[in-house]
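Structure first, commentary second.
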Amino acid sequence: MKASELFFPTLREVPSEAEVVSHQLLLRAGFIRKTTAGVYTYLPLAYRVIKKIMNIVREEMDRAGGQEVLMPIIQPAELWKKSGRWDVYGEEMFRLQDRHNRDFALGPTHEEIITTLVNADAHSYRDLPLLIYQIQNKYRDEIRPRFGLMRGREFIMKDLYSFDLDDAGLDISYHKMYEAYNRIYERLHLQYRVVEADSGAIGGNESHEFMVLAENGEAEIVYCDTCDYAANVEKAVCTIDEQEAGDEAMLAIEKIHTPAQKTIQDIVDAFGIPSQRQVKTLMYLADGVLVAAVLRGDRELNEIKLKNALGCNQLFMADQESVMTGCGAGFGSLGPVGMKVKIYLDLEVSQMKNFACGANEDHYHYLNVNLGRDFVPEKIIDIRAAVVGDNCPLCPGHLQSVRGIEVGHIFKLGIKYSQALDAKYIDQNGQEKLMVMGCYGIGVSRTMAAAVEQNNDENGIIWPLPIAPFQVIVVPVNAKKEDQMNTARGLYEELIDNGIEAIIDDRDERAGVKFKDADLIGIPLRITVGPKALEQNQVEVKKRWEKDIELVAVENVISVVQTILGGRD
RNA sequence: CGGGGCGUAGCGCAGCUUGGUAGCGCGUCUGGUUUGGGACCAGAAAGUCGCAGGUUCGAAUCCUGUCGCCCCGACCA
């Protein structure tokens, strides 16, 4: 490709709409342009990267026994009504009507379509297992699209669905995908981590996320400094150490006047009671029902854990009014003693003795409160957010934390959708049974953004070799000098003949401009044809990820390039 | 949807408080001089100031409404 003909409109300045580095660089380097919020056009360079990612994904899916199909984006409402998700999916689904006012959705995911399809055409145990996948655009009317490609409303996703005879079969399919995903991220040359995940609204009981490590990642990952344990903080299990439980004797409960003390810190300041000796009470509305979540004073609640424990659909922090009517006291004076609504007590609090908390009466607190004697919770469960330094749930190690971008997520769905959509098969004994399903997603366009997020410097993108839009850029320092252009052209053609994807920067620009652009768009190797070296029949070979320049005789360039490309791949 | 902010030339911004000729830098086009890390000189094109109402002799500027965009929160590949 000639740079003079390539459509890659680079920008010198950072568009003001871009906040994160991947968004800024993809815009500046002429890879993407926004059409509307969360919807982007992929320009030629970007689409080359996308296609490379797709191909790696496709190869690994095929290798794992997946079969590629292409399902419709436009999906009839009736399918979604059948699964019960037409109402549940809510605002996030793009909906439209045809000329007869029939309802449709733009597919945010394809469980409905694929399950219906498999149910219609796979009837026997002999037809299973099936691993069906596709790579196509998904539509989700996100509450807030952001960070460019990171969270779009239209994005490219690979989604695979597995159909098995039973749980044992699902375990095998799940394991295949787990392995395939690992191979994919290895092959993409991304630093990543597999973590245990919450399965969220999609349902199911086992789930892993594949996280590309990046400082600005939206997700927090905790991992053990000793063993292999790693989890999304949303999921990370908090344990208590039986040894730590004090054998302190219970003291008599005492009510104190706290006219101006509302927060945990106020009590620390006024009475010198450390936050670890206090308890905080958070009020939530779970599907409209008021509940109390009780945690140690210095801890944060993990809402997802609470939501899962309650088994509710919607969980919001309660408003002042609901709290006043439900508890008879306002925020800042709440506590488990005499609490009129159900108490969900964090595991850790069950070990605390003689703690301080609100008295459910404005301007009063209790001291020396004890579980059992002074109050009885509905449940004692793990609902606190894990933090760095916590005990590992699996070994004697401690938890560390990093941030990551979720680029892949695999779920065991079980029979949730086969039940709703009636996906059954006849087994060896002539019995009807429900298929057991799994689903497995990779955000392809997000993976491209994550790759940039992880691989860049002050000059621009540094594409990992397997997904670089081109592998080599040949830069004649002065396009008007015939000897330089001739050598550059010769090398360029030789590269192409050897199956190496190359650009020749034949533009009549100053060398600085070409170098800046080459760095910005992140081509891994640059071959510079300049006057001085050319006198010795040499050119420069520069790796985008290193500072040093290597002088190479023109006749050796191809083999040097091949060695570098081969070595890093 | 709640909170914060922004819409002025392709990109980055000023002008708005105090109404009166629409400006700057970069980019683009033409000519020339240059040519190893975003050159210089000269010239040029390009904006119904997001849109719609209103106030006014006169609105980018004041008022009302509306649309769009960005950031923080809940959601997710």
Side-chain angles (χ1 to χ4, degrees), chain A residues 9-20 23-24 27-28 30 33-39 53 57 89-93 108-109 135-160 181 197-202 207 209-212 218-219 232 234 303-304 307 314-317 319 404-411 439-450 458-460 475-481 484 507-520 526 528-534 539-540 542 549:
Chain A
T10 57
L11 303 172
R12 297 197 178 194
E13 280 167 290
V14 181
S16 59
E17 71 188 43
E19 198 75 8
V20 297
H23 190 196
Q24 294 177 342
L27 283 170
R28 275 196 61 208
R33 286 295 182 263
K34 185 177 67 189
T35 300
T36 185
V39 178
I53 297 172
V57 169
Y89 221 96
E91 303 274 86
E92 210 171 299
M93 194 152 61
T109 175
I135 303 176
Q136 61 147 216
N137 280 353
K138 288 284 180 286
Y139 296 84
R140 295 187 190 169
D141 194 1
E142 293 283 346
I143 299 167
R144 183 154 82 87
R146 68 182 134 169
F147 302 152
L149 261 32
M150 283 301 185
R151 180 176 302 282
R153 295 195 294 171
E154 175 183 86
F155 59 98
I156 302 171
M157 176 169 161
K158 184 284 306 182
D159 46 327
L160 184 143
Y181 273 44
D198 186 76
S199 44
I202 295 180
S207 176
E209 287 167 334
F210 289 73
M211 299 281 196
V212 166
E218 285 192 84
N232 192 314
E234 294 174 349
E303 290 190 11
I304 288 166
K307 195 171 169 184
Q314 293 200 307
L315 186 70
F316 298 112
M317 286 205 83
D319 54 295
I405 300 161
E406 182 191 348
V407 289
H409 199 162
I410 60 179
F411 300 86
C439 78
Y440 315 84
I442 286 181
V444 173
S445 40
R446 181 185 281 183
T447 297
M448 173 166 74
E458 67 282 2
N459 293 314
V475 180
V477 165
N478 188 333
K480 282 184 177 158
K481 297 278 194 262
Q484 290 178 30
R507 296 175 300 170
D508 183 19
E509 291 284 355
R510 296 166 61 87
V513 174
K514 299 188 198 181
F515 294 154
K516 287 287 184 191
D517 274 345
D519 286 351
L520 182 59
R526 190 181 80 203
T528 309
V529 183
K532 280 167 259 168
L534 198 53
V539 295
E540 296 165 15
K542 182 177 179 305
I549 287 168

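Please read all numbers here as calculations on a predicted model, not as lab measurements. So you know, we letter chains A, B, ... as the sequences are listed, proteins then strands, and number each from 1.
- Contact annotation: Arg146(A) reaches the phosphate of rG73(B) (side-chain N/O to OP1 or OP2, under 4.0 Å).
- Checking side-chain atoms of Lys514(A) against main-chain N and O of Asn478(A) turns up no donor-acceptor pair under 3.5 Å.
- The phosphate of rA77(B) (OP1 or OP2) has no side-chain N or O of Thr109(A) nearer than 4.0 angstrom.
- Remark: side-chain polar atoms of Glu540(A) are not paired, donor with acceptor, to backbone N or O of Thr528(A) under 3.5 angstrom.
- When the P atom is used for both rG10(B) and rU28(B), the distance is 15 Å, rounded to whole Å.
- Using modelled atom types, one side-chain atom of Tyr181(A) and one backbone atom of Tyr440(A) make a donor-acceptor pair closer than 3.5 Å.
- Under the 4.5 Å side-chain criterion, counting only non-hydrogen atoms from C-beta, Met157(A) is in contact with Arg140(A).
- Distance noted for atom P between rG38(B) and rC26(B): 14 Å (whole Å).
- Glu92(A) comes within 4.0 angstrom of the backbone, heavy atoms only, and of no base.
- For Arg151(A), counting side-chain heavy atoms from C-beta on, the closest listed nucleotide (rC71(B), rC76(B), rG12(B)) is rC76(B).
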Which atoms of nucleotides 66-69 of chain B (N or O only) lie under 3.5 Å from a protein N or O atom, and what are those distances?
from, atom 1, to, atom 2, distance (Å)
rC69(B), OP1, Thr36(A), OG1, 2.7
rC69(B), OP1, Ala37(A), N, 2.8
rC69(B), O3', Lys34(A), NZ, 2.9

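- Across all strands, Pro108(A) comes closer than 4.0 Å to no nucleic acid atom at all (heavy-atom distances).
- The phosphate of rG38(B) (OP1 or OP2) has no side-chain N or O of Arg12(A) nearer than 4.0 angstrom.
- Note on Gly530(A): a base of the nucleic acid sits closer than 4.0 angstrom, heavy atoms only.
- Under the Watson-Crick or G-U wobble criterion, with both distances below 3.5 Å, rG2(B) is paired with rC72(B).
- Phosphate contact (OP1/OP2 of rC76(B), side-chain N/O of Arg140(A), threshold under 4.0 Å): absent.
- Look at rG36(B): it lacks any Watson-Crick or wobble partner with both distances under 3.5 angstrom.
- Applying the Watson-Crick and G-U wobble criteria (two distances, each under 3.5 Å), rA77(B) pairs with nothing in any strand.
- When the P atom is used for both rU17(B) and rC63(B), the distance is 9 Å, rounded to whole Å.
- Taking atom CD of residue Glu142(A) and atom P of nucleotide rC71(B), one finds them 13 Å apart after rounding to whole Å.
- Rounded to whole angstrom, the span from the OH atom of Tyr440(A) across to the P atom of rC76(B) amounts to 19 Å.
- Distance alone, capped at 3.5 Å, places no donor-acceptor pair between the Arg146(A) side chain and the Arg151(A) backbone.
- Checked by atom type and distance alone, the side chain of Thr10(A) never pairs as donor or acceptor with a backbone atom of Arg28(A) at under 3.5 Å.
- Backbone-only contact: Val407(A) has heavy atoms under 4.0 Å from sugar-phosphate atoms and none from a base.
- The P atoms of rC11(B) and rG27(B) are separated by 15 Å, rounded to the nearest whole Å.
- Rounded to a whole Å, the CZ atom of Arg144(A) is 12 Å from the C1' atom of rC1(B).
- For the pair Asn478(A) CG and rG36(B) P, the interatomic distance rounds to 8 Å; values are reported in whole Å.
- Among the nucleotides rU34(B), rA77(B), rC75(B), the one closest to the side chain of Glu218(A) is rC75(B).
- Between rG2(B) and rG20(B), the two C1' atoms lie 42 Å apart (nearest whole Å).
- When Watson-Crick and G-U wobble pairs are counted only if both distances are under 3.5 Å, rA60(B) pairs with no nucleotide at all.
- Separating the C1' atom of rG25(B) from that of rG19(B) is a span of 27 Å, rounded to the nearest Å.
- Residue Arg28(A) is the one, among Arg28(A) and Phe155(A), whose nearest nucleotide of RNA chain B lies closer to the 5' end (criterion: closest heavy atom).
- Pair assignment for rC49(B): none, as no Watson-Crick or G-U wobble contacts are both less than 3.5 Å.
- Remark on RNA chain B: of its neighbouring residues Asp517(A) and Gly441(A), the 5'-side contact belongs to Asp517(A), judged by nearest-heavy-atom nucleotide.
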Candidate pair Asp141(A) and Tyr139(A), rule side-chain contact (heavy atoms from CB on, under 4.5 Å), full reasoning: CA-CA 7 Å; Asp141(A) 194 1; Tyr139(A) 296 84; over 6 Å; no

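- Using a 4.0 Å heavy-atom distance criterion, Asp519(A) is classed as a base contact.
- Within 4.0 Å (heavy atoms only), Phe210(A) reaches no atom of the nucleic acid at all.
- Within the 4.0 angstrom heavy-atom criterion, no nucleotide atom of any strand lies near Gln484(A).
- rG73(B) and rU56(B) have their C1' atoms separated by 43 Å, given to the nearest Å.
- Residue Val14(A) is in sugar-phosphate contact alone, with no base atom involved, counting any heavy-atom pair closer than 4.0 Å across all strands shown.
- Taking atom C1' on both nucleotides, rG15(B) is separated from rA77(B) by 44 Å, rounded to a whole Å.
- Between the Gln484(A) side chain and the Val477(A) main chain, a donor and an acceptor come within less than 3.5 Å of each other.
- Residue-level contact check: Arg526(A) touches the bases, meaning some heavy atom is under 4.0 Å from a base atom.
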